[in-house]
Amino acid sequence: MMDAEVAVIGIGTIGSMTMWQLARRGVKVIGFEQFGTGHDRSAAGGESRIFRTAYLEGSEYVPMLHEARKQWRELEKETGYSLLHLNGGLMIGPAEGDTIRSVMKSIETHGLEHEYLEYDEAQKRYPQHKLFPGEVMVLDKQAGFIRPEFAVVSAVQRSEALGAVIHRYTQVESIEPDGDGVRIVANGKTYKVGQVVITTGPYTKKLLPEQASPLVTRRLVMSFFATTKPEMYTPDKFPIFIRRSKHFDISGKPTLEGTMVKVMLNQGYDEVDDPHNLNRHIAIDDLNQINEAVRELLPDLIADPIRLNAYMDAYSPDEHAIIGRLPDMPRAIALYGFSGHGFKLAPAMGRIAADLVVDGGTPFSIEQFSPERIRSGR
Ligand SMILES: Cc1cc2nc3c(=O)[nH]c(=O)nc-3n(C[C@H](O)[C@H](O)[C@H](O)COP(=O)(O)OP(=O)(O)OC[C@H]3O[C@@H](n4cnc5c(N)ncnc54)[C@H](O)[C@@H]3O)c2cc1C
């Protein structure tokens, strides 16, 4: 006797959207979350996440990003909440650098709405950024930010309204193939389901030490800086940005609070051995790089952060997620290792998970994300 057709393990960013997408297709789904829903002990949190479409990580993401935008709007429609705010996005770097080149490749391949701003024009339109000679900006019109905690909570609420059941404060200890289904042990109790979707993010290696062994969990620190000119940093005047200049690799967003700007380094600060013991203490020495970036690149900000938060994400060796059925457990579908850029994609990932569960395949091209590539070192 099955407890449900499908179980989703880990109701964070991707798991909450997977629950919603399964529930709206009428699938009997149960979810397990070790904490409460919308918590801040993992990858989601800290007020905002960037959404962008002109993707420097690869133009092959663009169809999934279009789908994500559509699904964010559908979630907004179904819940009545505002989640995705498209105030534009600036990609900033040397005209001939890899960042601008790959952003332009996404734009040209998919005909995306944009503006290319040469140095003088860019400096005039967006004086908040101090450019180096030879730098340009590309304005991605389909970019902006999402509210992460609220997005997770909204998808959870909606899926419960559609009949999904979520076991909160319930940690999954093991999953194993069991005849025509999968056996799950959680908080000491056994469940049986037809298929399982694993969306355990930074904690995946604890649940699947062998399959997820190539993943590394990294700590990411968000820093908020006060500005001397708050009127210049409102969402309508200050698009989200990604900047790769000299040795700096940073991103930033306006804050909803209004007198601060959020800026963070795009690479992880350090490896997290045990995600249950994420080091939330941020040492003064950890801030040298971000303070230097703010001093050099964003002259209207005061280069001492006034608010700091630590989160974490699971990184795969090639920094692309792992999506697909696990080779040694074909009733298990993996969606993890989003490597610092998965939030914007979440509702599209939920749709892909539901496609795989219900239809056995998806129209989106996910071959490059296969779990096999990680194990075979492709
Ligand atoms: C500081 C920071 C800034 C970022 N900025 C951006 C951005 O601007 N734009 C963007 O697109 N992406 C961004 N990202 C990346 C994005 O947030 C992540 O890729 C995404 O949130 C990962 O989602 P996830 O579902 O894999 O993990 P999570 O959201 O962490 O979800 C995993 C869930 O599984 C639960 N869980 C784990 N193990 C178990 C278990 N055994 N039993 C029950 N529950 C379990 C956890 O408690 C958690 O709720 C950022 C990440 C960080 C950390």
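Residues: numbered from 1 along the sequence shown. As the structure lists them, so they are numbered: ligands from 1, and atoms in each ligand from 1.
Atom numbering of ligand 1 starts at 1 in the shown order; those under 4.0 Å from a heavy atom of Y311 are 53 (C). Residue contact check: G201 has heavy atoms under 4.0 Å from atoms 26 (O), 27 (O), 32 (C) of ligand 1. If you number the atoms of ligand 1 from 1 as listed, the ones under 4.0 Å from a heavy atom of D313 come out as 15 (C), 16 (C), 18 (C), 19 (O), 22 (C). The distance from ligand 1 to the heavy atoms of M312 drops below 4.0 Å at these ligand atoms: 53 (C). Close contacts of ligand 1 with F35, meaning ligand atoms under 4.0 Å from a residue heavy atom, involve 47 (O).
By the neighbour-count criterion of 12 heavy atoms within 6.0 Å, atom CD of Q142 is densely surrounded, having more than that number from other residues, nucleotides or ligands.
Taking distance alone, with nitrogen or oxygen atoms compared against 3.5 Å, Q34 approaches ligand 1 more closely than that limit. Below 3.5 Å of separation, one finds no N or O of P202 facing any N or O of ligand 1. Checking only distances, G342 does come within under 3.5 Å of ligand 1, N or O to N or O. On a distance-only criterion, T13 and ligand 1 share at least one N/O pair closer than 3.5 Å. Ligand 1 has an N or O atom lying under 3.5 Å from an N or O atom of A43, backbone or side chain.
Judged as a ring pair (Phe, Tyr, Trp, His ring centres under 6.0 Å), the pairs with a partner in residues 309-340 (not counting sequence neighbours) are, in order, Y61-H320. Pairs of residues two or more places apart, or lying in two chains, that qualify as ring pair (Phe, Tyr, Trp, His ring centres under 6.0 Å) and include a residue from residues 76-109 are Y81-F150, H85-F145.
In this structure, K206 has no heavy atom closer than 4.0 Å to ligand 1. The closest approach between any non-hydrogen atom of Y336 and ligand 1 is not below 4.0 Å.
Scanning the protein heavy atoms around atom 34 (O) of ligand 1, the nearest turns out to be G10 CA, 3.1 Å. Here the protein heavy atom with the shortest distance to atom 39 (C) of ligand 1 is T200 CG2, 3.5 Å. With respect to atom 31 (O) of ligand 1, the closest heavy atom belonging to the protein is G12 CA, 3.4 Å. From the protein, the heavy atom lying nearest to atom 11 (O) of ligand 1 is K344 NZ, 2.6 Å. Among protein heavy atoms, the minimum distance from atom 25 (O) of ligand 1 is reached at I14 N, 3.0 Å. The protein non-hydrogen atom at the shortest distance from atom 52 (C) of ligand 1 is R49 NH2, 3.7 Å.
Ion pairing between K28 and E5 fails under the 4.0 Å rule for side-chain N and carboxylate O. Under the 4.0 Å criterion applied to side-chain N and carboxylate O atoms, K205 and D274 are not assigned as salt-bridge partners.
Residue S42 holds the heavy atom nearest to atom 28 (P) of ligand 1 of all those in S42, A151, G31, P148.
Under a cutoff of 6.0 Å and an axis angle of 45°, K246 and F132 form a cation-pi pair.
Contacts between T170 and ligand 1, counted as non-hydrogen atom pairs separated by less than 4.0 Å, involve the backbone only.
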